[in-house]
Protein chains: 2
Amino acid sequence: MKLTTRGHYSVKAMLDLSLQPQRDTTSVKAIAHRQELPAPYLEKLLIELRRAGLVESVRGAQGGYRLARSPAHISLGQILEAVGETIEPLPHHSPEANQAEDWVTFSLWHRLHQKLKDALHSISLEDLYYDARSWQAAQGEATSFVV
Amino acid sequence: MKLTTRGHYSVKAMLDLSLQPQRDTTSVKAIAHRQELPAPYLEKLLIELRRAGLVESVRGAQGGYRLARSPAHISLGQILEAVGETIEPLPHHSPEANQAEDWVTFSLWHRLHQKLKDALHSISLEDLYYDARSWQAAQGEATSFVV
DNA sequence: GTGATTAGCACTATAGCAGTCCTAAATTAG
DNA sequence: CTAATTTAGGACTGCTATAGTGCTAATCAC
């Protein structure tokens with residue numbers, strides 16, 4: 001169960017793509033510049049996102065990446081899983097739950113994981129898109145946000 | 001946001017302690033043997049749990065550890081936090097949310113974290129204790145469980 | 001005092017994340 | 001056709017945290 005910059009960068013990039021007008025391709029460099037991310041690193045993530053079928057790529061000049069389908073049909077869970085943010089507790093060993101304590105803790109981890117997974121899969125990129133738009137609108141008031 | 005063996009071992013050890021009859025002390029070695037954990041490593045975790053006020057220790061012969069208070073008043077969240085299972089996403093940087101994408105993702109991580117935290121703090125050691133007892137009962141007492 | 005046991009520190013090894021760099025392949029612009 | 005652009009993919013480095021071991025001191029029961 002973890003959440004690192006991989007997931008953060010990936011979601012930001014996907015959000016960036018959905019905020020682009022229409023569905024024309026955007027280069028890695030452009031995304032990296034807008035989101036202030038290291039371009040070579042971001043590219044790795046985009047490749048993984050492409051392999052997961054979440055984005056499409058076009059090589060060559062004027063090429064780049066674009067969403068493979070509408071933001072409403074892309075969930076956060078899919079994005080995070082695509083870049084290996086397992087969210088899963090204790091990847092390898094988990095079988096032999098021959099002790100009561102083992103069984104209890106494992107079933108607990110599993111329940112928690114399932115809950116979180118469901119939550120992440122129920123949130124679409126479109127939901128975040130609207131959040132972002134409303135935030136941008138609120139910025140018009142020049143309010144200082146301190147989270 | 002992570003969940004490693006530290007948390008798993010700690011919960012198992014705490015569960016082991018609550019399954020002990022009465023409130024007499026148990027040595028690290030005994031816990032490690034019952035739960036099949038590396039004793040020196042487990043000791044580190046118990047020291048952290050002691051510093052967090054979740055267990056009490058008694059040095060010297062016949063010494064060991066015992067719960068500092070009743071299992072009903074010890075939550076899973078307290079145990080995990082005591083051993084540094086932050087559960088928190090992206091510990092360090094998070095300020096400058098000057099971009100819509102940053103703000104959206106950060107507020108999302110924060111909401112998820114809060115949810116998970118609440119869930120973990122609402123589960124007491126006593127709840128797991130009952131789960132463990134019922135599992136033992138379901139096993140038909142065939143399994144050897146040191147009481 | 002002796003043995004048992006916690007307390008605390010130092011140490012190693014391994015793995016994954018974060019990030020850079022270089023080369024190849026594909027495709028468009030001119 | 002050629003050159004520029006851009007993705008694809010691998011090799012490589014530095015860092016941090018986990019996981020685990022080992023040793024020494026302090027403490028207490030007998």
Side-chain angles (χ1 to χ4, degrees), chain A residues 1-10 12-13 17 24-33 35-68 80 82-93, chain B residues 1-10 12-13 17 24-33 35-68 80 82-93:
Chain A
M1 202 185 253
K2 61 184 159 59
L3 181 47
T4 68
T5 60
R6 293 175 72 81
H8 188 215
Y9 290 177
S10 298
K12 280 187 69 176
L17 284 179
D24 50 352
T25 61
T26 310
S27 74
V28 173
K29 220 181 295 178
I31 302 175
H33 181 255
Q35 303 300 327
E36 298 176 9
L37 303 175
Y41 188 51
L42 175 59
E43 193 166 303
K44 301 297 177 49
L45 300 175
L46 281 169
I47 292 177
E48 294 184 51
L49 291 170
R50 180 185 60 88
R51 293 207 183 112
L54 299 180
V55 298
E56 292 171 349
S57 68
V58 178
R59 284 191 175 190
Q62 307 304 321
Y65 289 93
R66 78 169 84 91
L67 294 183
L80 296 179
V83 295
E85 296 285 51
T86 59
I87 311 172
E88 216 122 352
L90 315 170
H92 19 289
H93 94 301
Chain B
M1 203 185 252
K2 59 183 160 59
L3 183 47
T4 66
T5 59
R6 293 176 71 81
H8 189 215
Y9 290 178
S10 299
K12 280 187 69 177
L17 284 179
D24 50 351
T25 62
T26 311
S27 74
V28 173
K29 219 181 296 179
I31 303 174
H33 181 256
Q35 304 300 326
E36 297 175 11
L37 304 175
Y41 188 51
L42 175 60
E43 193 167 303
K44 304 298 179 49
L45 301 175
L46 282 169
I47 291 177
E48 294 185 52
L49 291 170
R50 181 185 59 89
R51 293 208 182 111
L54 298 179
V55 298
E56 292 170 349
S57 67
V58 176
R59 284 192 174 188
Q62 308 303 322
Y65 290 92
R66 78 169 83 92
L67 295 183
L80 296 178
V83 295
E85 296 285 52
T86 59
I87 311 173
E88 216 120 353
L90 315 172
H92 18 291
H93 97 302

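None of these values were measured; they are calculated from a predicted model. Each chain gets a letter, A, B and so on, in the order the sequences are listed, and its residues count up from 1.
Helix-axis bend for the helix from C:dG1-D:dC30 to C:dG30-D:dC1: the local axis fitted to the five terminal pairs at one end deviates from that at the other end by 10°, rounded to 10°.
The side chain of A:Pro38 lies closest to C:dG19 when the candidates are D:dT21, C:dG19, C:dA7. Among D:dT7, D:dA19, D:dT5, the nucleotide with an atom closest to any side-chain atom of B:Tyr41 is D:dA19. Counting only heavy atoms from C-beta on, A:Gln62 has its side chain closest to C:dA29 among C:dA18, C:dA29, C:dA4.
Both A:Pro40 and A:Val58 lie near DNA chain C, and the one whose nearest nucleotide falls closer to the 5' end is A:Pro40. Summary of the strand contacts: A:Gly60 and A:Ala39 both lie near DNA chain C, and taking for each the nucleotide with the nearest heavy atom, the more 5' one is attributed to A:Ala39.
Neither OP1 nor OP2 of D:dT6 sits under 4.0 Å from any side-chain N or O of A:Ser57. Within the 4.0 Å cut-off from OP1 or OP2 of D:dT18, not a single side-chain nitrogen or oxygen of B:Tyr9 is found. The side chain of A:Arg59 places no N or O atom within less than 4.0 Å of a non-bridging phosphate oxygen (OP1 or OP2) of D:dG9. A sub-4.0 Å separation between OP1 or OP2 of C:dA7 and a side-chain N or O of B:Arg50 is present. For the OP1/OP2 pair of C:dA18 and a distance below 4.0 Å, the side-chain nitrogens and oxygens of A:Thr4 include at least one atom meeting the criterion. Of the side-chain N and O atoms in B:Arg51, one or more sit less than 4.0 angstrom from OP1 or OP2 of C:dG8.
Between the CD1 atom of B:Ile47 and the P atom of C:dG8 there is a distance of 6 Å, given to the nearest Å. Atom C1' of nucleotide D:dG10 and atom CD of A:Glu43 are separated by 12 Å, given to the nearest angstrom. Regarding A:His8, its NE2 atom lies at a distance of 15 Å from the C1' atom of C:dA18, rounded to whole Å. D:dG20 atom P lies 13 Å from atom CD of B:Glu36, rounded to whole Å. The interatomic distance linking A:Leu45 (CG) with D:dG9 (P) rounds to 14 Å, in whole Å. The nearest whole Å value for the distance from the CD atom in B:Glu48 to the P atom in D:dG20 is 14 Å. We find that CZ of A:Arg66 is positioned 14 Å from C1' of D:dT6, with the value rounded to whole Å. Regarding A:Leu42, its CG atom lies at a distance of 14 Å from the P atom of D:dT6, rounded to whole Å.
The shortest distance between side-chain heavy atoms of A:Val28 and A:Tyr41 does not fall below 4.5 Å. Side-chain contact between B:Leu49 and B:Val83 is present, with at least one heavy-atom pair separated by less than 4.5 Å. Side-chain contact between A:Leu45 and A:Leu37 is absent, with no heavy-atom pair separated by less than 4.5 Å.
In this model, a side-chain donor or acceptor of A:Lys44 finds a partner on the base of C:dT20 within 3.5 Å.
In terms of modelled atom types and a separation under 3.5 Å, the side chain of B:Ser57 and the main chain of B:Ile47 share no donor-acceptor contact.
In this structure, A:His8 NE2 and A:Glu85 CD are separated by 11.5 Å, a value rounded to the nearest 0.5 Å.
A:Leu54 and A:Ala82 get closest at one heavy-atom pair: CD1-CB, 4.0 Å.
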